[in-house]
Amino acid sequence: MLSNILFAMEEGKIMAGEEEVEVDVEQQQQPCPPLSKNAQKKLLKQQRYEVKKAEKKALLKEQKKREGERKRKEWEEKLAGATEEEKQQLIESRKCLRKERMDQRSDEKGKKMQRLTKAKENGQNVVIDLEFDHLMNSSELHSLVQQIMYCYAVNGRCSCPAHLWLTGCQGDMQAQLQRLPGFDKWVIEKENRPYIEAFQDQKERLVYLTADSETTLDVLDPKHIYIIGGLVDRNRWKGLTMKKAEDQGIQTAKLPIGTYLKMSSSQVLTVNQVVEILLKYLETGDWKTSFFEVIPQRKRCEGDNDIEQDEDTEGKDDHEIKIRDIELEEESEEKDDQGSKRQCIES
């Protein structure tokens, strides 16, 4: 089984259900530091996880398609068995329900914009450092863009959102972000300059969050500006963010993960997981609650795994499945802004 997976990875494609999913193999072609045996095992585990995730995504897509067909068929049958008067009542009722949903979405969007605008004035500053795009291949860049999209969506739904920044946003990273639906309307700071230049008058307030730091973060200081490294590296560039912070002479800190739970491997998390942990802490003021609600079960030791069910945790970690819903939400908002109206489907 594993040999088949690795062979498929080398060929640049895998099978997910009945769909063929392309896998970027540029990483194998780019020169990078040699992997240790332990790192090779982790990479193999990650590849197996990616295959499983692709299969799950294909399955969910097929289930969603079947559900849509079922609902369409029910609607057609309902209309077919109704009189002309009943048809008109059904259509009017459906129009009213759609209008209610659109009004509710518009109301929720307005409240979200109010929260995000307020966060720009007095929210906790959180920076995503995007100066590492030259160290990532196209697949890793795409993954990081999805994580950023998820960060923005979660921040918008949060009752106590942060003031998010994207710094060093240039080149391929900027181009990919610009292709996201509605990106130009995001209530987020988009800064082409590195954070060290953007905050040159506030250097003493900069704190780079890195698992390699010897300083443990006890509380979030509203006066500090917390930086998260925007890097998807599959453990190729260990200690990179720590070295960068030391060279720049800025503070570093690590999340107090080890105080509350034991990780099955390293304490390195994805960008969206770190952002969501910070947001949970801003809401609850409780690190333990924040960690257990965000950190995937597969990254914890068995002793910590009885806190929540597998399905719930896998759903949180598998942010790529949620990304499509976020894209659809952004597309719907675009249509609402333009005042477009859709007719009820009668057939």
Side-chain angles (χ1 to χ4, degrees), residues 109-133 136 141 143-210 217 220-232 241 244-245 248 250-253 270-283 319 323 326-327 329-330 333-334 337:
K109 180 184 176 183
K111 291 179 179 178
K112 179 180 79 171
M113 291 302 166
Q114 289 178 1
R115 293 194 301 270
L116 292 176
T117 302
K118 186 178 179 180
K120 290 184 71 171
E121 299 173 359
N122 52 23
Q124 178 72 64
N125 284 290
V126 177
V127 174
I128 300 177
D129 175 16
L130 301 180
E131 296 179 59
F132 303 106
D133 60 337
M136 294 179 282
L141 279 172
S143 178
L144 180 57
V145 168
Q146 288 188 316
Q147 292 179 32
I148 292 171
M149 188 192 298
Y150 185 52
C151 290
Y152 180 72
V154 171
N155 194 48
R157 291 193 293 265
C158 184
S159 61
C160 185
H163 184 191
L164 288 183
W165 293 71
L166 301 177
T167 62
C169 187
Q170 298 182 16
D172 292 339
M173 175 58 64
Q174 184 180 35
Q176 290 205 33
L177 287 170
Q178 288 290 348
R179 288 198 289 268
L180 295 177
F183 178 72
D184 290 338
K185 297 182 180 180
W186 281 18
V187 184
I188 190 172
E189 303 293 349
K190 304 159 190 172
E191 179 60 66
N192 292 333
R193 296 176 299 168
Y195 60 84
I196 201 68
E197 294 180 14
F199 298 101
Q200 57 183 336
D201 297 331
Q202 308 176 62
K203 186 176 178 181
E204 70 282 355
R205 294 168 56 188
L206 297 176
V207 180
Y208 213 118
L209 298 180
T210 169
L217 189 65
L220 291 181
D221 187 336
K223 295 181 181 180
H224 283 168
I225 302 167
Y226 296 100
I227 306 165
I228 301 168
L231 179 63
V232 178
T241 54
K244 180 179 182 179
Q248 293 176 335
I250 64 175
Q251 302 177 67
T252 64
T270 61
V271 173
N272 60 287
Q273 287 166 354
V274 177
V275 169
E276 193 170 3
I277 286 170
L278 297 181
L279 292 175
K280 286 289 182 184
Y281 181 81
L282 289 173
E283 281 187 336
H319 65 274
I323 290 301
I326 297 169
E327 289 175 343
E329 179 183 335
E330 295 288 349
E333 290 180 356
E334 289 265 325
D337 291 340

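- With sequence neighbours left out, Asn125 forms a side-chain hydrogen bond (donor to acceptor under 3.5 Å, both in side chains) with His163, Trp165.
- Taking Thr241 as the reference, Phe132, Tyr208, Thr210 meet the side chain to side chain contact (heavy atoms under 4.5 Å, CB included) condition, with sequence neighbours excluded.
- Checked by atom type and distance alone, the side chain of Glu191 never pairs as donor or acceptor with a backbone atom of Cys169 at under 3.5 Å.
- By the side-chain hydrogen bond (donor to acceptor under 3.5 Å, both in side chains) test, Gln124 pairs with no residue at all, sequence neighbours left out.
- Leu144 CG to Asp133 CG: the interatomic distance, rounded to the nearest 0.5 Å, is 9.5 Å.
- Partner of Tyr195 under the side-chain hydrogen bond (donor to acceptor under 3.5 Å, both in side chains) criterion, out of Glu131, Gln202, Gln248: Gln248 alone.
- Once rounded to the nearest 0.5 Å, the distance linking CG of Leu166 with CD1 of Ile188 reads 4.0 Å.
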Distance-only check: which donor-acceptor pairs under 3.5 Å involve side-chain atoms of residues 172-184, not counting sequence neighbours?
{"unit_1": "Gln174", "atom_1": "NE2", "unit_2": "Asn192", "atom_2": "OD1", "d": "3.4"}

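- Rounded to the nearest 0.5 angstrom, Gln251 CD and Leu209 CG are separated by 11.0 Å.
- In this structure, Leu278 CG and Cys160 SG are separated by 11.5 Å, a value rounded to the nearest 0.5 Å.
- Residues satisfying the side chain to side chain contact (heavy atoms under 4.5 Å, CB included) test with Glu197, not counting sequence neighbours, are Arg193, Pro194.
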Validation: residues 113-122 side-chain donor-acceptor distances under 3.5 Å, sequence neighbours left out:
{"unit_1": "Arg115", "atom_1": "NE", "unit_2": "Cys158", "atom_2": "O", "d": "3.1"}
{"unit_1": "Arg115", "atom_1": "NH2", "unit_2": "Gly156", "atom_2": "O", "d": "2.5"}
{"unit_1": "Thr117", "atom_1": "OG1", "unit_2": "Met113", "atom_2": "O", "d": "2.7"}

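- In this structure, Lys280 and Glu283 have side chains that are in contact, with non-hydrogen atoms separated by less than 4.5 Å.
- Val271 approaches Gly230 most closely through the heavy-atom pair CG2-CA, 4.0 Å.
- Scanning all heavy atoms of the two residues, the minimum distance from Asn272 to Cys151 falls at CA-SG, 3.4 Å.
- Scanning all heavy atoms of the two residues, the minimum distance from Ala162 to Val126 falls at CB-CG2, 4.0 Å.
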Using atom types as modelled, flag every donor-acceptor pair under 3.5 Å from a side chain in residues 222-229 to any protein atom, sequence neighbours excluded.
{"unit_1": "Tyr226", "atom_1": "OH", "unit_2": "Asp221", "atom_2": "N", "d": "2.8"}

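- Across all their heavy atoms, Thr252 and Val207 have their closest contact at C-CG1, 4.1 Å.
- To the nearest 0.5 Å, atom CD of residue Gln273 and atom CD of residue Glu276 are 8.5 Å apart.
- Closest heavy-atom contact between Leu231 and Met136: CD1-CG, 3.9 Å.
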Exercise. Going through the distances and angles, do Val275 and Val154 end up as a side chain to side chain contact (heavy atoms under 4.5 Å, CB included)?
Worked result: CA-CA 9 Å; Val275 169; Val154 171; over 6 Å; no
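- Legend: residues meeting side-chain hydrogen bond (donor to acceptor under 3.5 Å, both in side chains) with Gln200, ordered by chain and number and at least two apart, are absent.
- Here Leu279 contributes atom CG and Arg157 contributes atom CZ; the two are 10.5 Å apart, rounded to the nearest 0.5 Å.
- In this structure, the side chains of Ile196 and Leu206 come closer than 4.5 Å at one or more pairs of heavy atoms.
- Put simply, the side chain of Lys244 reaches to within 4.5 Å of the side chain of Asp129, judged on heavy atoms.
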Problem set entry | Test log, rule side chain to side chain contact (heavy atoms under 4.5 Å, CB included), inputs Leu130 and Ile148 | CA-CA 10 Å; Leu130 301 180; Ile148 292 171; 3.8 Å; yes
